[in-house]
Amino acid sequence: MKKDIKKRNTILTIILIGIIFAYMLILQLNSASHSYAISIIERSAIYAVVAVAMNMLTGFTGLFSLGQAGFMAIGAYVTAILIIPVESRPTVYYVNGIAPWLANVSLPWWLAMLLGGLIAAGFAALIGFPVLRLKSDYLAIATLGFAEIIRAVIAAPGLNQITNGSYGLNTIPGYHSIFTPVIVSIICIALMVMLLRSSYGRAFTAIREDEVAAEAMGINLFKTKELAFIISSFFTGIAGGLLAIYMRSIDAKTFQVTLTYTILLIVVLGGLGSVTGSVIGAFLVMGGQEWLRFFDEPLTIGGVSIPLFRAGFRMVIFSILLMVVVLFWRKGLMGGREFSWQGLINLFRRIPQLFRKKKSGEGAKNE
Amino acid sequence: MNGSVILQQFLTGISLGGAYALIAIGYTMVYGILRMINFAHGDIFMMAGYFMIFSMAVFPWYVSIPVTLAGTVLLGVVIERVAYRPLRTAPRMSVMISAIGVSYLLQNLATYIFTAIPMAYPSIPFLKQIFQFGSVSASLVTLVTPVLTIVLVIALMQIINHTKAGMAMRAVSKDMETAQIMGISVDKTITYTFIIGCLLAGVGSILYFTDRMTVYPYSGSLPGLKCFVAAVIGGIGSIPGAVVGGFLIGISETVLVSLGYSTFSDAFTFILLIVFLLFRPTGIFGEKATEKV
């Protein structure tokens with residue numbers, strides 16, 4: 001019996017993966033006409049990586065960090081600087097020129113991205129020493145401050161020859177295929193899931209549940225927190241690199257606090273402590289932002305134009321959505337659980353029951 | 001740099017610091033009672049800027065100021081009622097996420113209603129009068145800000161130390177449950193706290209934007225964070241601490257800008273925060289808290 005269920009789940013998983021890849025292949029083969037769908041999927045996959053990385057800290061380890069935008073900025077800038085083609089650098093740095101030692105340094109995109117992640121992790125290790133000793137809300141404000149410092153440093157005139165200051169970087173070579181960002185994201189998320197399932201991951205959860213008890217069980221609090229912080233920042237940095245290649249032009253304004261808030265929205269919507277929740281949340285939020293674009297367009301029903309619909313309405317709806325989730329549906333979509341086929345089947349089985357209950361309830365009222 | 005330039009910068013710094021101090025008090029009082037960072041406070045301050053713009057379009061300045069303050073207080077109380085009160089028993093992280101959500105909502109709402117283009121802040125002719133002291137010139141608002149800040153803080157200290165509502169506030173911040181047992185209405189006390197915090201943020205907003213001249217939907221977020229840092233540096237929960245922290249940050253920011261490091265003036269605030277958290281996490285006036293298991 002149990003074996004059958006397992007077999008059924010494996011088959012369903014393989015079918016799902018097959019469908020997804022077939023869909024992406026169709027999109028890729030007709031990339032000219034499907035460029036819109038491709039860009040949404042790429043963006044969602046990238047945000048899924050950051051969301052899972054943030055969830056690893058906030059949902060699993062219980063460290064409320066708001067420094068995501070800063071670490072993404074580090075990863076994005078390292079990647080972008082190293083992969084902009086050498087011949088187009090003079091036009092990118094046309095105002096201040098590029099630092100001579102950097103002018104001819106160029107790396108393949110994956111190596112640059114890895115380096116970006118490592119540098120982000122290095123900064124996390126440094127900042128972790130003072131910051132991780134703080135309690136929850138101080139940690140949030142200190143990491144938020146750190147992200148602001150990174151942004152100020154990137155835009156600083158002193159670094160003009162490296163980061164191009166407030167002019168930003170452009171002509172970053174983009175993706176040739178939808179599979180590149182999606183596969184990199186899948187690898188990143190798989191690595192994080194493996195970590196969360198290892199003894200380290202159990203230690204993270206133990207810290208979230210009760211720091212004192214975890215310490216009594218022999219977990220080195222500071223080391224474990226630092227590990228979670230460094231690894232989360234590493235993947236955030238990689239996601240930053242992915243985002244830089246996706247956007248093809250970045251500047252310091254790309255990495256404002258709002259970016260962190262969007263990621264937080266994804267994590268909260270998906271459910272704190274659920275990896276699949278974060279992935280689903282990323283696709284919902286990114287897809288939703290595109291699908292709900294009609295909110296930003298003027299709407300006319302039967303000759304009457306509705307005044308509510310104009311630029312910016314979409315973001316208002318999004319923030320109201322976040323508030324509704326936080327206030328009434330605190331667990332989010334998955335609520336700390338992971339996606340499973342059994343769960344999905346149970347959900348479908350429950351639907352007719354819900355109807356039946358409602359009906360009997362109504363009947364009782366009528367009597 | 002000669003004496004008069006230094007004096008000029010010093011005046012600007014004190015004026016900015018006064019506005020920061022008024023906002024920081026809101027943070028420190030809410031944190032003292034609810035143990036949460038009210039991330040939306042900076043955005044309430046921004047909304048107060050817009051309220052002033054629109055009321056000035058209709059009323060003269062002496063009517064606009066009370067209208068703005070009333071609007072700000074109402075906004076703050078509604079936010080507390082809708083977004084924070086239902087989460088009173090929830091984990092602290094939920095409340096913080098809710099506060100971030102409110103801040104996100106207010107920013108997006110302001111972008112939607114008022115567009116992202118900076119709007120000109122009306123100048124109050126009375127506050128804009130220029131005074132000349134030898135080679136130093138200053139508008140009245142620069143001189144009024146620190147004085148008004150000190151007066152308001154003294155009044156606030158009187159309220160907190162000598163009235164029944166103030167006593168209730170102190171009791172609730174010490175121990176919410178015991179205060180409730182003693183017959184203090186916790187919800188009412190928290191509402192009073194938000195009223196005072198938002199009132200001061202409204203005053204701070206008028207003083208700050210009269211100097212800055214424009215308001216845009218994100219003009220509250222960075223000053224908000226800076227004022228929270230000011231509250232932490234001064235010792236969270238302590239009102240004199242918030243004032244000292246506000247002046248400290250305002251003056252150091254002006255000094256950095258005048259020395260030509262304006263890009264780092266924002267970052268410096270956060271470096272100061274991290275240094276303080278490392279060496280004196282309780283701030284200048286903070287009490288030492290013992291960790292209970």
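Below, all heavy atoms of this structure are taken into account, side chains as well, without hydrogens, waters or symmetry copies. For clarity, every value in this text was computed on a predicted model and none was experimentally measured. All chains are named by letter (A, B, ...) in the order of the sequence lines, taking the proteins before the strands, and each is independently numbered beginning at 1.
Side-chain contact check for A:Leu66 versus B:Ile100: some heavy-atom pair is nearer than 4.5 Å.
Across B:Val82 and A:Leu327, no two heavy atoms sit closer than the pair O-CD1, 3.6 Å. Shortest non-hydrogen contact noted between A:Val326 and B:Ser98 is CG1-CB, 3.6 Å. Between A:Ala142 and B:Leu273, the shortest heavy-atom contact is CA-CD2, 4.0 Å. The heavy-atom pair separating A:Ile149 from B:Ala267 by the smallest distance is CG1-O, 3.8 Å. Scanning all heavy atoms of the two residues, the minimum distance from A:Met323 to B:Ala83 falls at CE-CB, 3.8 Å.
Interatomic distance, CG of A:Leu144 versus CG of B:Leu225, reported as 5.0 Å (0.5 Å rounding). With values rounded to the nearest 0.5 angstrom, A:Phe146 atom CZ is found 11.0 Å from B:Ile271 atom CD1. Atoms CD1 and CG, on A:Ile317 and B:Leu105 in that order, are 11.0 Å from each other to the nearest 0.5 Å. In this structure, CG on B:Asn108 lies 12.0 Å from CZ on A:Phe313, to the nearest 0.5 angstrom. Separation of atoms CG (B:Leu109) and OG (A:Ser319) is listed at 7.5 Å; rounding is to 0.5 Å.
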Next on the checklist: As a quick check of understanding, evaluate side chain to side chain contact (heavy atoms under 4.5 Å, CB included) for A:Arg314 and B:Tyr112, giving each step before the final call.
Outcome noted: CA-CA 9 Å; A:Arg314 185 173 53 117; B:Tyr112 171 60; over 6 Å; no
Item to check | Derivation and outcome, side chain to side chain contact (heavy atoms under 4.5 Å, CB included), residues A:Thr58 and B:Met93 | outcome: CA-CA 9 Å; A:Thr58 311; B:Met93 202 191 278; 3.5 Å; yes
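Neither the backbone nor the side chain of B:Phe268 comes within contact range of chain A; no heavy atom of the residue lies under 4.5 Å from a heavy atom of that chain. Contact annotation for B:Ile274: only side-chain heavy atoms (C-beta onward) come within less than 4.5 Å of a heavy atom of chain A. Contacts between B:Thr115 and chain A at a heavy-atom distance below 4.5 Å are absent for every atom of the residue. Proximity to chain A is absent for every atom of B:Val275, based on heavy atoms less than 4.5 angstrom apart. For B:Ala90, the parts sitting under 4.5 Å from any heavy atom of chain A are the backbone and the side chain alike. Contact annotation for A:Val268: only side-chain heavy atoms (C-beta onward) come within less than 4.5 Å of a heavy atom of chain B. Of the two parts of B:Phe228, only the side chain, counted from C-beta on, holds a non-hydrogen atom closer than 4.5 Å to a non-hydrogen atom of chain A.
Under the side-chain contact (heavy atoms from CB on, under 4.5 Å) criterion, B:Ile251 pairs with B:Phe10, B:Ile14, B:Val255, not counting sequence neighbours.
When the candidates B:Ile37, B:Val95, B:Thr269, B:Val229 are compared by the number of heavy-atom contacts under 4.5 Å with chain A, B:Ile37 comes out ahead.
Contacts between residues 256-267 of chain A and chain B, defined by a heavy-atom separation under 4.5 Å, are made by A:Thr258, A:Tyr261, A:Thr262, A:Leu264.
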